[in-house]
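For the numbers below, each heavy atom of this structure counts, side chains included, while hydrogens, waters and symmetry mates do not. Numbered from 1 within each chain, the chains take letters A, B, ... in sequence-line order.
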2 protein chains.
Amino acid sequence: MAYEQLKLDNQLCFRLYTAARLTMGAYHPYLDPLGITYPQYLVLLVLWEQDKQPVNDIAHKLYLETNTVTPLLQRMEKAGLVKRTKGKEDTRQRIVSLTKKGINMREQAKHVPECLSADIIKNEGSVEEIAQMISTLDKLIEGLKQQ
Amino acid sequence: MAYEQLKLDNQLCFRLYTAARLTMGAYHPYLDPLGITYPQYLVLLVLWEQDKQPVNDIAHKLYLETNTVTPLLQRMEKAGLVKRTKGKEDTRQRIVSLTKKGINMREQAKHVPECLSADIIKNEGSVEEIAQMISTLDKLIEGLKQQ
DNA sequence: TCAATTTATATCGTTCACGATGCAAAAATA
DNA sequence: TATTTTTGCATCGTGAACGATATAAATTGA
């Protein structure tokens, strides 16, 4: 019966979609006090690893389009977390750099990953299963990345 | 070094978030011709399993809030896929039912799951790994569902 | 060198997602 | 029964995502 496949329970994507939303929701207790959203936190993670990057590099590392990242960065600039300056060699580029506030937030967010890990492990139990899933997700993402 | 944990690579949520977006993107070639989005497809899956459900039941099955589902259903009604009628016993309820167009779309969407499975398996390889991941995702979702 | 093409970013429009709030109907309770 | 509380849905505002389109700067190539 082909219709069997149309059942919600059978679908991988639905679980990814749901798990992603619920996991992002689990960040709320830790990110709300900092006044940032999860996508903004991702941008900060990228900039904490390496400051002063063009929009394109940030978008690429997050697998996002620049038309998603540009407004995101504009909001973050308005919030005083980043600065966006014209590129020196290539004036088409916008170099995004951390402000003092953006730099300081790294210290305030230091414990977020541990808190999340604790929340997830507490709920799920097996560290090995999570590790295995991360590996499978990486392969899935790698495959889907190139259309 | 606590900062090590702040690295993007270490994060489960980032992978779920990315995999979910890319997987939803993989539905585009199959859903665009039908004129529906992925969340709309999810609503149809729910209604194909059982027609005539109140907004709340649909939202619950998709782990979404009613304030997400209501506008979604309004757009689907405008597109002629569903009808929304006042509940008989409980007049607060809105009973959502499929139109002819909504019913017929089941046949047109019959092969979508196979196509997606093929795309994913082709890219990833191991069916067992996907099955294992689905099981882990279910536990993760179950744990996160109750805050 | 000058036109054609590509690249980096921005803008626009539509659809989600969700917290906060509103409102009427139902249920609970005094 | 009258009042309070809860429930079901809707509306509003904000922040993503992303396809389509625009624009200026850089690159390519004739």
**Study point:** Common cluster, B:I95/B:L45, ILVMFWY with side-chain heavy-atom separation under 4.5 Å
**Key:**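 The answer is no; the residues belong to distinct hydrophobic clusters.
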Checking [X] now: which residues fulfil salt bridge (Lys or Arg N to Asp or Glu O under 4.0 Å) with it, not counting sequence neighbours?
X      : answer
B:D51  : none
B:E65  : none
B:D138 : A:R15
B:E142 : B:K145

Check your understanding: With under 30° as parallel and over 60° as perpendicular, where do the rings of A:W48 and A:Y41 fit, or are they tilted in between?
Key ->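 Taking A:Y41 first and then A:W48, their aromatic rings stand perpendicular (interplane angle over 60°).
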Review point. Got a sec, which pairs hit salt bridge (Lys or Arg N to Asp or Glu O under 4.0 Å) with one end in residues 94-104 of chain A, sequence neighbours left out?
Key: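 Counting only pairs at least two positions apart or across chains, no salt bridge (Lys or Arg N to Asp or Glu O under 4.0 Å) contact touches residues 94-104 of chain A.
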Once you round it to whole Å, what is the distance between [atom2] of [N] and [atom1] of [X]?
X     : N      : atom1 : atom2 : result
B:F14 : D:dA17 : CZ    : P     : 11 Å
B:E77 : D:dA10 : CD    : C1'   : 13 Å
B:I95 : D:dG8  : CD1   : P     : 11 Å
A:L62 : D:dA16 : CG    : P     : 12 Å
B:K88 : D:dG8  : NZ    : C1'   : 18 Å
B:I58 : D:dG8  : CD1   : C1'   : 13 Å
B:K86 : D:dC9  : NZ    : P     : 10 Å
A:E89 : D:dT27 : CD    : C1'   : 16 Å

Listed pairs, N/O of protein and of nucleotides 2-7 of chain D, under 3.5 Å:
{"unit_1": "D:dT7", "atom_1": "O2", "unit_2": "B:R92", "atom_2": "NH1", "d": "2.6"}

Filtered N/O pairs between nucleotides 1-4 of chain C and protein, under 3.5 Å:
none

According to side-chain contact (heavy atoms from CB on, under 4.5 Å), who are the partners of [X], at least two apart in sequence or on a separate chain?
X     : result
B:N56 : B:T66
A:T37 : A:P39, A:Q40
B:A20 : A:L16, A:A20

Check your understanding: Along nucleotides 10-18 of chain C, 5' to 3', which nucleotides get a B, which get an S, and which get a -, given that the test is a protein heavy-atom distance under 4.0 Å?
Key -> SB---SSBB
Scan the side chains in residues 71-83 of chain A for donor-acceptor partners under 3.5 Å anywhere in the protein, sequence neighbours excluded, and list what turns up.
{"unit_1": "A:E77", "atom_1": "OE1", "unit_2": "A:R84", "atom_2": "NE", "d": "3.1"}
{"unit_1": "A:E77", "atom_1": "OE2", "unit_2": "A:R84", "atom_2": "N", "d": "3.1"}

